[in-house]
Amino acid sequence: MNLNFSEEHENFRKEVQAFLKEHKATAPTMKAVNGTSAAPTPEVKRWQKILIENGYTARTIPKEYGGYGGETDLIKGLIIQEEFIAADVSTGLTGQGISMLVPTLLELGTEEQKQKWVGPTIRGEVVWCQGYSEPGAGSDLASLKTKAVVEGDQFVINGQKIWTSSAHFSDMCFILVRTEPDAPKHHGISYLLMPMTTPGIEVRPLVTITGDAMFNEVFLTDVKIGTDQIVDQRGKGWMVANATLKHERGMIGNPAQTEANLNALIKLMKTETCDGICAVDMPVFRDRLMRLQGRLLGLKLHSLRLLSDDLNGKAPDHSGLIVKYSTAYLNHELYSLGVDVMGELGTLYDGDAYQSELDWQKMFLGSFSSIIGGGTAQIQKNVISERGLGMPREPRVTLDSKGWAMM
Amino acid sequence: MNLNFSEEHENFRKEVQAFLKEHKATAPTMKAVNGTSAAPTPEVKRWQKILIENGYTARTIPKEYGGYGGETDLIKGLIIQEEFIAADVSTGLTGQGISMLVPTLLELGTEEQKQKWVGPTIRGEVVWCQGYSEPGAGSDLASLKTKAVVEGDQFVINGQKIWTSSAHFSDMCFILVRTEPDAPKHHGISYLLMPMTTPGIEVRPLVTITGDAMFNEVFLTDVKIGTDQIVDQRGKGWMVANATLKHERGMIGNPAQTEANLNALIKLMKTETCDGICAVDMPVFRDRLMRLQGRLLGLKLHSLRLLSDDLNGKAPDHSGLIVKYSTAYLNHELYSLGVDVMGELGTLYDGDAYQSELDWQKMFLGSFSSIIGGGTAQIQKNVISERGLGMPREPRVTLDSKGWAMM
Amino acid sequence: MNFGLSDEQVLLQDAIRGFLEEQTPLDNIREFAADGNGLQANIWQGLIELGATGVIIPEQFGGSDLGMFDATVIMEAIGRTVAPVPYISTAVLAPIALLGSGSDAQQQDWLNKISAGDVTFGVGLTEATGVRRDAGLTLADGKISGKALFVIDGLKADQLLLAVGTDTLVMVNANASGLTRNRLNVSDKTRGMAELLLDQVDCELIGTPGSATDTIARMIDAGRIGLAAESFGAAEILFYRARDYALERNQFERPIGSFQSIKHLCAEMIADLEPCRSLIWYAAYAYDELPEEVSLMACHAKANTQEIAKVVARSATEIHGGMGFTDLMGLHYWLKRIELNRQLLGGPEATREAAARLQGLVA
Amino acid sequence: MNFGLSDEQVLLQDAIRGFLEEQTPLDNIREFAADGNGLQANIWQGLIELGATGVIIPEQFGGSDLGMFDATVIMEAIGRTVAPVPYISTAVLAPIALLGSGSDAQQQDWLNKISAGDVTFGVGLTEATGVRRDAGLTLADGKISGKALFVIDGLKADQLLLAVGTDTLVMVNANASGLTRNRLNVSDKTRGMAELLLDQVDCELIGTPGSATDTIARMIDAGRIGLAAESFGAAEILFYRARDYALERNQFERPIGSFQSIKHLCAEMIADLEPCRSLIWYAAYAYDELPEEVSLMACHAKANTQEIAKVVARSATEIHGGMGFTDLMGLHYWLKRIELNRQLLGGPEATREAAARLQGLVA
């Protein structure tokens with residue numbers, strides 16, 4: 001066990017600290033950068049530019065496409081995260097264009113596509129949304145029905161997408177459509193790049209449990225885009241999307257954020273009272289808190305081990321597959337405890353005067369989105385058991401009306 | 001809601017109380033009657049005879065077969081249970097012969113079989129064991145492989161049975177064997193009555209987690225019994241066994257016993273200390289206790305409702321199917337709490353001087369048998385969801401080596 | 001013996017459920033939530049016409065004198081439809097207060113009005129079940145001052161019944177001078193929860209000061225049973241919606257309800273939920289018939305039902321996948337009602353501790 | 001950076017695991033359990049020859065001075081094989097006691113003996129982690145009297161290290177006059193737990209009376225980490241046995257591991273269990289390198305691992321169906337080790353409370 005960093009990395013940490021000391025005052029707030037309700041402001045774009053220049057975001061993206069052009073260094077990545085979180089400064093934009101489209105284009109796009117999209121996307125000049133899920137295609141994404149028919153040099157797209165966060169202010173959409181209706185379902189899909197200004201696109205906000213419209217439905221009627229707006233080939237979209245999903249996985253399950261929430265919960269429990277008794281002085285609540293702390297520490301150190309294994313070139317096993325599943329429920333229970341210790345006050349939200357510093361009710365309600373989004377618990381457990389533990393795949397069967405398999 | 005009993009039933013209760021007052025002193029102990037380690041003693045048989053004569057056991061079995069010949073009256077049954085439990089007096093023998101074979105013979109046996117077996121069985125003169133499960137046929141009981149071939153007027157049985165409680169002192173065994181190897185698996189089974197003294201039967205005790213041998217393995221080598229020792233017809237054994245299993249279901253999940261255990265747990269928690277503090281004064285343990293009490297009350301009242309629904313002729317739904325599953329886990333958690341409040345002392349068992357009145361460790365270990373026996377939790381949940389909630393049956397599929405369904 | 005509803009109670013249940021279901025298609029619930037007052041006049045009027053406000057009120061005051069079991073049947077139906085009506089406060093808690101500690105004149109006056117549907121009540125009991133922040137009331141010279149938090153259905157009520165400490169009950173007119181009433185922004189917008197600021201407000205005593213301990217305890221018992229019944233109704237709806245959705249929704253060319261993970265989740269949900277029905281029924285029966293058992297049963301009915309209803313609501317949401325937490329499906333209205341009820345009149349931890357105390361298990 | 005074993009530690013792990021696995025086929029474990037002494041001479045001798053008893057002992061006393069992390073690797077291997085050896089007491093707790101509070105002469109004498117495998121220790125710390133019944137020791141005129149309960153590995157040990165209260169450590173020779181040693185009939189028969197009755201027994205002080213508070217705290221930290229590592233090892237074996245059995249066992253013409261219920265149960269088990277490995281490793285590392293973090297990490301490592309290991313043991317048993325609780329399969333030896341470890345040096349509730357206290361969260 002060796003948790004020390006090399007001298008190079010310790011020096012790098014000092015550089016980051018010096019950078020933060022110098023720029024913290026002029027950095028935009030976390031919320032301004034990572035809010036999901038509007039396109040980046042000029043101030044955010046300015047900040048993003050500084051971060052790229054210093055290699056604190058888009059670090060490994062080649063210079064020729066507008067990135068910093070650094071080598072992959074997980075430890076430096078970790079140091080950047082740690083120091084920026086400690087300083088409460090944003091590490092830059094994190095939308096789906098940057099986290100999913102850019103890596104995909106770098107892997108599978110044409111030279112022209114890379115030149116055209118990577119730079120503007122990482123600079124926040126072009127905002128993307130993701131057009132994958134459909135009302136009838138959730139866990140079974142490959143059953144999607146939105147179709148694109150070629151007419152001359154254009155794809156004509158018809159159908160409906162859902163869960164399209166940021167659709168209402170995006171410039172572009174990377175979208176999966178069915179172009180080969182007669183092919184087996186995984187082989188009939190294409191991955192297109194669609195400007196959101198194209199006629200025939202209607203975006204409707206999708207109100208969720210929190211009361212906010214974090215997501216949208218997108219209706220597509222005779223939407224026409226050039227046949228060159230495709231990544232890789234026709235019918236290969238499923239493979240392209242899986243490359244993208246691979247990039248998405250790293251986004252989910254951030255123990256540093258969960259730890260921040262736990263610390264906020266401890267603070268809450270030290271102040272919130274019932275009949276004059278502090279929540280932390282109620283043994284049953286305290287025990288629940290300690291259970292959560294134990295699980296959090298486990299996940300936090302597990303993530304550190306994953307990073308270390310990655311650094312040391314260990315082959316991935318089931319260990320990486322459990323993080324999203326476990327983190328989602330841990331957060332959910334953490335928010336639940338926050339609500340419970342506040343009692344009736346815990347049901348208040350959205351700016352009510354009796355709330356605590358954090359909106360525990362809204363975080364609790366919002367946590368359903370993390371439990372379900374990016375694969376329900378059932379799908380996660382399939383993945384863990386099949387890919388991680390080598391257990392048999394779910395059989396594909398057709399059932400008759402009584403639920404008997406048609407053989 | 002009306003939880004009062006009719007005058008007839010209140011009078012019946014007085015009769016039972018009077019009986020108990022008169023006979024309690026001469027009744028054998030619970031353990032003597034319901035212990036599973038030996039055949040009934042003469043004293044137990046004497047008590048059983050008194051109970052039958054008074055209609056407190058074998059109540060609804062016709063007089064002609066040695067029973068009391070009473071009409072079905074669930075309330076009287078309930079009153080008998082309540083009063084005997086309150087007086088800590090046994091309601092008589094409960095072996096698998098009485099609880100499973102007798103109802104089956106009454107439903108499906110020949111007149112000769114009923115005459116021959118019912119009376120001696122309910123009087124404790126003939127003790128039965130059940131020969132159903134096999135090492136390779138547990139949840140999937142119908143896949144059993146023990147076979148019986150007809151030679152002349154005899155079945156020749158070869159194979160192995162497992163989980164045969166009381167096999168080491170039983171006179172007879174009701175056993176499922178495969179008689180029609182070419183028929184579909186549910187249609188090739190027969191239900192036979194096999195004397196345990198037949199040559200070729202070897203009984204080996206099966207030591208379990210508790211350290212006791214509550215069960216046996218039974219090895220069968222060229223065991224020959226008459227072809228007339230069959231209940232119903234060849235190939236109908238699965239149907240006969242299901243009639244028996246139907247009778248078994250009522251045996252499992254006794255809230256009165258769970259309530260007695262909870263009361264014992266409360267008593268334990270009032271006395272057992274750590275660092276001088278009573279377990280009941282430790283809020284986290286107290287909260288666990290109250291959780292269990294809430295669940296117990298739910299199940300107890302649920303059982304009362306089931307009885308009432310049965311009385312009032314309501315069609316059964318999912319409600320009856322949940323009892324075994326829920327009760328098994330509730331008991332398990334209740335014993336776990338008993339162990340936990342004793343701390344290190346809770347790991348002591350089997351007569352150690354530091355144990356409490358009850359052997360919590362052994363009850364905890366023994367509870368695995370209730371969780372798994374009579375259908376694992378997985379099988380129970382299949383039954384609840386399929387039969388109770390109308391959800392599709394598990395598809396019957398064959399998988400290739402990668403776990404893909406062979407279609 | 002009959003553990004369950006009588007024939008008359010089945011008729012009552014059918015009538016109330018039928019009426020409320022007709023009034024609460026999802027579009028209506030959305031409107032009620034946007035309004036957020038917790039009091040929909042037409043639904044309330046319908047319940048009055050069905051006699052629902054008088055079920056625990058003696059016939060001499062215009063009620064039908066049925067009992068808590070019947071009121072529980074009604075509250076379960078309200079939970080099933082998240083109907084925005086001040087039923088528990090007006091038709092259950094207020095009559096108990098008046099019958100337990102009110103003067104003859106007060107009973108005559110207010111119980112008749114409740115039976116007839118001429119008044120609504122908000123009820124503030126948090127003084128007796130757990131004081132938060134700076135809440136607290138004082139009574140001096142017949143005037144009441146301080147702050148009452150989480151007054152149930154208090155936002156639009158005509159009259160406000162408040163516990164002062166754990167032993168005194170007062171009634172305040174909603175228009176009284178010196179009273180400020182503020183909306184509390186609870187996530188469940190089908191119930192009108194209020195904060196009251198009182199500055200030397202005129203009030204009417206229900207009983208003499210210090211004399212209402214038993215009455216307040218009865219109110220808390222009844223309130224816990226009623227909230228449990230509501231939450232049970234809401235959870236049962238969520239459960240069956242999830243089961244039905246699982247049978248309809250196809251993914252991977254088969255209904256998701258044919259996957260064992262979903263089947264078993266449904267089995268677990270119903271195994272946990274179904275016994276709550278009997279526990280709540282028995283608690284209500286105990287309220288009417290077995291006074292020595294009711295407080296313990298009320299605690300367990302509420303704690304157990306709320307814990308289970310919370311998990312059922314989460315699981316039902318999960319079975320619906322992403323759609324489960326959209327307003328398109330609207331499951332969240334039921335989930336939020338369950339979450340609010342969980343905290344009212346004592347959360348599960350507090351009610352379990354109360355159960356232990358009732359058995360002498362707390363030193 | 002390397003979060004995990006060094007190359008040398010991997011070699012150590014392979015050597016210890018290889019040796020212990022060779023020694024513990026199920027038939028042997030059955031014999032050990034029938035014997036019930038918790039000390040199998042040949043296995044113990046093998047560990048001594050592998051240098052396992054000296055890993056936390058400085059080189060000057062014949063040890064290899066590796067550290068708690070290495071000892072934890074060994075204890076995990078012991079848990080994987082439920083090996084009946086007094087390792088935690090002799091090779092971990094006793095050296096910590098001697099290094100922390102022993103005189104130079106005591107260190108010289110006993111640490112060399114431990115390194116060389118010439119002595120075994122039983123350790124009684126329940127005085128400091130939770131006194132049950134009439135247990136308790138008193139020290140007067142250099143003699144010790146009273147009762148020590150649950151002396152770990154104490155049944156066959158040569159020397160007995162006992163905490164008197166929370167601040168004093170004494171050593172008693174197993175053959176001392178006035179000492180009665182009784183077997184405690186724990187369900188885990190691979191560990192020799194003892195009750196000691198002491199009547200004016202000669203003892204050797206480890207440090208002066210009242211001076212061993214910190215040493216005892218260090219022993220408890222190390223003990224908790226070691227027990228957690230053992231339980232983790234046992235649970236990991238049970239998990240993989242269940243997964244493998246599910247892939248082999250056919251019912252309904254398919255491996256039971258192809259049923260989603262079993263797959264998902266396995267997914268839940270590994271999702272809960274896998275992070276415990278990192279938590280235990282870090283706690284051990286903290287013991288060696290980060291003294292300000294170790295106590296909290298030790299509490300959480302033990303509480304969290306024990307809760308999860310218990311559920312994993314139950315689930316693994318369930319996946320095996322009826323066979324799971326027979327002696328034919330023998331899973332119960334691992335389950336019982338987990339159950340015993342759960343209670344030693346503080347159950348989960350007590351260790352969580354200790355964690356809260358360490359953070360100043362207990363008033």
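It should be emphasised that the depicted structure is a prediction, and the values quoted were computed from it without experimental measurement. Because only heavy atoms are used, hydrogens play no part in the values below, and waters and symmetry mates are left out as well, while side chains stay in.
- Comparing A:Val383, A:Ile266, A:Leu304, A:Asn4 by heavy-atom pairs within less than 4.5 Å of chain D, the highest count is held by A:Leu304.
- Heavy-atom distances place both the backbone and the side chain of D:Tyr282 under 4.5 Å from chain A.
- Side-chain atoms of A:Pro395 and D:Arg254, non-hydrogen and from C-beta on, do get closer than 4.5 Å to each other.
- A:Gly294 and D:Leu279 get closest at one heavy-atom pair: O-CD2, 3.8 Å.
- For D:Cys276, no part lies under 4.5 angstrom from a heavy atom of chain A.
- A:Leu301 is not listed as a side-chain neighbour of D:Trp281, based on a closest heavy-atom distance of 4.5 Å or more.
- When side chains are defined from C-beta on, D:Phe3 counts as touching A:Leu3, because their heavy atoms get closer than 4.5 Å.
- Contact annotation for A:Lys270: only side-chain heavy atoms (C-beta onward) come within less than 4.5 Å of a heavy atom of chain D.
- Ion pairing of D:Glu274 with A:Arg305 is present here, as a side-chain N (NZ or NE/NH1/NH2) and a carboxylate O approach within less than 4.0 Å.
- Heavy atoms of D:Glu289 lying under 4.5 Å from chain A are absent altogether.
- Using a 4.5 Å cut-off between heavy atoms, A:Asp287 touches chain D through backbone and side chain atoms alike.
- Within the 4.5 angstrom heavy-atom criterion, only side-chain atoms of D:Ala246, from C-beta onward, approach chain A.
- Across A:Asn2, A:Ile75, A:Asn312, a single residue satisfies side chain to side chain contact (heavy atoms under 4.5 Å, CB included) together with D:Met1, and that is A:Ile75.
- Contacts of D:Leu247 with chain A are made by side-chain atoms alone, with heavy-atom separations under 4.5 Å and no backbone atom involved.
- Taking 4.5 Å as the limit, every side-chain heavy atom of D:Arg352 sits out of range of all side-chain heavy atoms of A:Arg286.
- At a 4.5 Å heavy-atom cutoff, D:Ala303 makes no contact with chain A through either its backbone or its side chain.
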- Message: For a side-chain hydrogen bond (donor to acceptor under 3.5 Å, both in side chains) check, start with the C-alpha distance between D:Gln260 and A:Gln378, then their side-chain angles and the critical distance, and finish with the verdict.
- Response: CA-CA 9 Å; D:Gln260 212 180 23; A:Gln378 282 69 39; over 6 Å; no

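- When the shell of 6.0 Å around CD of D:Glu292 is examined, it contains more than 12 heavy atoms from other residues, nucleotides or ligands.
- Highest contact tally toward chain A, considering only D:Asp272, D:Asn304, D:Asn2, D:Thr351, is held by D:Asn2 [criterion: heavy-atom pairs under 4.5 Å].
- In terms of non-hydrogen atom pairs under 4.5 Å with chain A, the most contact-rich of D:Arg243, D:Glu349, D:Met297 is D:Arg243.
- Only the side chain of A:Leu311 comes within contact range of chain D, with heavy atoms under 4.5 Å apart.
- With a 4.5 angstrom heavy-atom cutoff, A:Leu306 does not touch chain D via any of its atoms.
- Side-chain contact check for D:Ile262 versus A:Ser385: every heavy-atom pair is 4.5 Å or farther apart.
- Between A:Met391 and D:Cys266 the shortest side-chain heavy-atom distance falls below 4.5 Å.
- The CG atom of D:Leu296 sits 5.5 Å away from the CD atom of A:Gln293 when rounded to the nearest 0.5 Å.
- Contacts between A:Gln380 and chain D at a heavy-atom distance below 4.5 Å are absent for every atom of the residue.
- Counting heavy-atom neighbours within 6.0 Å of A:Lys300 NZ, excluding the residue itself, gives a total of 12 or less.
- Here the shortest heavy-atom pairing between A:Ile322 and D:Pro275 reads CD1-CD, 3.8 Å.
- Formation of a donor-acceptor pair under 3.5 Å by the D:Lys263 side chain with backbone atoms of A:Asn382 is not found in this model.
- For the pair D:Leu5/A:Met1, no side-chain contact is recorded, criterion being any heavy-atom separation below 4.5 Å from C-beta on.
- Annotation: the span from D:Cys299 atom SG to A:Met290 atom CE amounts to 10.0 Å, rounded to 0.5 Å.
- In this structure, A:His318 NE2 and D:Leu273 CG are separated by 8.0 Å, a value rounded to the nearest 0.5 Å.
- Annotation: side chain of A:His302 is not in contact with side chain of D:Arg277 (no heavy-atom distance under 4.5 Å).
- Interatomic distance, D:Leu361 CG to A:Asp281 CG, rounded to the nearest 0.5 Å: 9.0 Å.
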